[in-house]
Amino acid sequence: QNQDDFYVNTNVPGVKLIENFLKPWMSSLLPIRDLFFSLFAGLFLIFQRVFPFYGTAKSSNSSYNERLQNELHEWSREAVSEWL
C-alpha cells in the first residue's frame with residue numbers, strides 16, 4: 001500500500017537531498033530553502049515540460065511535526081478571527 005502523501009508532476013533530482021541536508025532551524029532562521037526554491041522555480045517549470053513525470057511523494061519532514069502544526073493552526077485562527 002502506498003504511504004505517500006500527495007501526487008507530483010515533476011521529479012527534479014536533488015530536491016530530496018537538499019531537504020535532508022537543510023535542518024528545520026535553517027528554514028526558520030535563514031530562508032535558505034525558500035530562496036533556493038524561488039530561484040529555481042523557473043527550472044522546475046522547464047523540467048515539467050521537457051521531462052514529464054507523475055507519481056507520488058511524501059511531505060517534508062517538518063510537515064509531520066505536531067508542534068509546528070499546532071503553531072500554524074493557532075496563528076491562522078488568530079489571523080482570521082475577526083471574520084469568524
Side-chain angles (χ1 to χ4, degrees):
Q1 181 175 341
N2 189 344
Q3 297 295 318
D4 290 342
D5 298 320
F6 58 92
Y7 287 96
V8 295
N9 62 352
T10 303
N11 186 18
V12 179
V15 173
K16 190 66 175 169
L17 293 174
I18 290 169
E19 184 178 271
N20 290 336
F21 172 75
L22 296 176
K23 303 301 178 208
W25 66 267
M26 293 178 176
S27 299
S28 59
L29 295 178
L30 304 170
I32 296 171
R33 182 180 66 179
D34 297 337
L35 289 173
F36 171 79
F37 284 110
S38 295
L39 290 173
F40 293 100
L43 289 176
F44 290 171
L45 293 174
I46 293 169
F47 269 99
Q48 286 178 333
R49 185 58 126 173
V50 177
F51 303 106
F53 171 84
Y54 64 92
T56 60
K58 291 200 89 42
S59 290
S60 64
N61 294 333
S62 58
S63 67
Y64 296 106
N65 184 323
E66 290 187 23
R67 182 185 58 80
L68 292 177
Q69 292 173 9
N70 291 334
E71 288 176 6
L72 178 60
H73 181 262
E74 289 301 318
W75 172 85
S76 60
R77 186 175 355 158
E78 285 179 29
V80 300
S81 62
E82 66 182 276
W83 296 286
L84 294 178

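Residues satisfying the side-chain hydrogen bond (donor to acceptor under 3.5 Å, both in side chains) test with N65, not counting sequence neighbours, are none. Not counting sequence neighbours, the partners of E71 by the side-chain contact (heavy atoms from CB on, under 4.5 Å) test are R67, L68. S63 pairs by the side-chain hydrogen bond (donor to acceptor under 3.5 Å, both in side chains) definition with nothing, not counting sequence neighbours.
Each side-chain hydrogen bond (donor to acceptor under 3.5 Å, both in side chains) pair with one or both residues in residues 74-84, not counting sequence neighbours, appears once here: E74-R77.
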